[in-house]
Asker: 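What follows is a structure written as structure tokens; I'll ask about it next.
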2 protein chains.
Amino acid sequence: MDEPEWLNAEELTAWKALAEVLFLLPAALESQLQRDADLAMADYMVLVMLSERDDHCMRMSELAASASTSQSRLSRIVARLEAAEFVTREMAPDDRRAVLATLTESGLAKLVAAAPGHVAQVRRLVFDRLTPAQVLSLTDIARALAHPDDHAACDGPPR
Amino acid sequence: MDEPEWLNAEELTAWKALAEVLFLLPAALESQLQRDADLAMADYMVLVMLSERDDHCMRMSELAASASTSQSRLSRIVARLEAAEFVTREMAPDDRRAVLATLTESGLAKLVAAAPGHVAQVRRLVFDRLTPAQVLSLTDIARALAHPDDHAACDGPPR
DNA sequence: CTAGTTTATTTGACACAGCAACTACTTCCC
DNA sequence: GGGAAGTAGTTGCTGTGTCAAATAAACTAG
């Protein structure tokens with residue numbers, strides 16, 4: 001393995017600031033949603049994903065992938081949401097292994113009630129603090145960082 | 001309350017990319033550290049904070065603040081680290097309510113062993129993907145976002 | 001000096017995430 | 001057709017985080 005290149009001064013200051021954001025921002029979003037809508041971020045994401053479908057319906061595995069969560073976690077989340085009557089679960093007609101989760105009326109109502117507060121929090125914590133130019137810059141940067149696994153194999157020797 | 005201003009197109013794309021980073025990057029760092037050093041990120045942070053002190057020693061409350069974690073969580077983390085003999089806990093001589101956590105030799109050794117892999121991961125997932133200009137830009141942006149609570153009270157009516 | 005308050009930390013109860021084992025169904029292939 | 005292999009989803013176990021209550025020491029005022 002290489003001599004591990006330490007971070008230089010600019011990188012270190014950038015990293016400290018980024019680490020703080022990585023740590024505190026999700027917590028701040030989570031806590032707003034929990035307090036105002038009694039939903040976890042993951043619950044909210046699931047409701048959003050379902051709401052974006054025309055039929056408000058998705059297979060568990062697909063839902064897990066779009067909400068970036070594991071199947072087992074999703075299974076428990078949906079069980080919770082089902083208990084709260086925000087979604088229903090039914091066997092898929094074409095493949096009887098699969099389960100279709102469907103957003104209910106009250107689930108949609110819950111989402112509609114929760115979304116404005118969440119968006120306001122995003123605005124307050126992110127966009128109110130950035131200039132339009134920074135927003136564009138952030139988009140590029142975030143996109144560059146957005147796929148941690150992609151370059152996993154690039155550590156190896158060049159072919 | 002205001003009409004909740006929805007996000008515009010630029011903000012929405014920025015938010016989607018940022019949300020992904022917020023979700024995946026910590027997980028990728030966590031999992032490298034867990035796999036290669038059997039440490040949680042929070043454990044690592046605690047070791048780092050202690051190592052940065054000349055005496056390798058800090059009060060629990062101070063440690064909780066610098067690692068951005070709750071006291072109760074820190075208490076359990078340090079209990080774990082103590083069980084692994086990476087830190088010791090002792091009553092503070094001047095204030096007998098307080099507890100001083102001290103990094104042990106083997107705790108420092110653990111940190112020294114874990115750090116290069118962690119830094120390499122940070123480099124691989126962050127700095128290898130950004131231009132120097134983007135690093136500077138990121139610093140500004142991250143600093144602007146870094147204190148979610150600061151403006152919490154600004155929502156209320158001015159006194 | 002002593003009752004009440006504030007500060008520092010831990011702990012019990014409960015909820016949730018991750019892993020691995022499990023069930024149930026489908027597909028592949030001879 | 002029928003068994004092996006693969007896929008979809010759930011669940012038991014265990015570890016960890018959170019909240020609130022508990023403990024204990026230090027201030028603060030009368």
Asker: Using heavy-atom distances to pick each residue's nearest nucleotide on DNA chain D, tell me which of A98(A) and R76(A) is more 5'.
Answerer: A98(A)

Asker: Roughly how many Å is it from CD in E30(A) to C1' in dA15(C), rounded to a whole number?
Answerer: 13 Å

Asker: Do R124(A) and Q121(A) meet the criterion of a side-chain donor-acceptor pair at a distance under 3.5 Å?
Answerer: yes

Asker: What are the two closest non-hydrogen atoms of L100(B) and P93(B), and how far apart are they?
Answerer: CD1-CD, 4.0 Å

Asker: Return the value, rounded to whole Å, for the distance between atom CE of M91(A) and atom P of dG9(D).
Answerer: 12 Å

Asker: Once rounded to the nearest 0.5 Å, what's the spacing between atom CD1 of I77(B) and atom CZ of F86(B)?
Answerer: 14.0 Å

Asker: Any Lys/Arg nitrogen of R143(B) or E20(A) sitting under 4.0 Å from an Asp/Glu carboxylate oxygen of the other?
Answerer: no

Asker: What integer distance in Å separates R97(A):CZ from dC22(C):C1'?
Answerer: 16 Å

Asker: Is there a side-chain contact between R80(A) and the phosphate of dC16(C), meaning an N or O under 4.0 Å from OP1 or OP2?
Answerer: yes

Asker: Would you kindly say whether E82(A) and T88(A) are connected by a side-chain donor-acceptor distance under 3.5 Å?
Answerer: no

Asker: I need the CZ-P distance between R89(A) and dA8(D), as an integer number of Å.
Answerer: 17 Å

Asker: Roughly how many Å is it from CG in L33(B) to C1' in dT16(D), rounded to a whole number?
Answerer: 16 Å

Asker: How long is the line joining CD of E82(A) and P of dG9(D), in whole Å?
Answerer: 14 Å

Asker: Between the side chains of K110(A) and E105(A), is the shortest nitrogen-to-carboxylate-oxygen separation below 4.0 Å, so that they form an ion pair?
Answerer: no

Asker: Tell me the interatomic distance from D95(A), atom CG, to dT27(C), atom P, rounded to whole angstroms.
Answerer: 6 Å

Asker: Under a 4.0 Å heavy-atom cut-off, which of residues 50-73 of chain A touch DNA chain D?
Answerer: R59(A), M60(A), S61(A), Q71(A), S72(A)

Asker: Just how far, in rounded Å, is P of dA15(C) from CD of Q34(A)?
Answerer: 13 Å

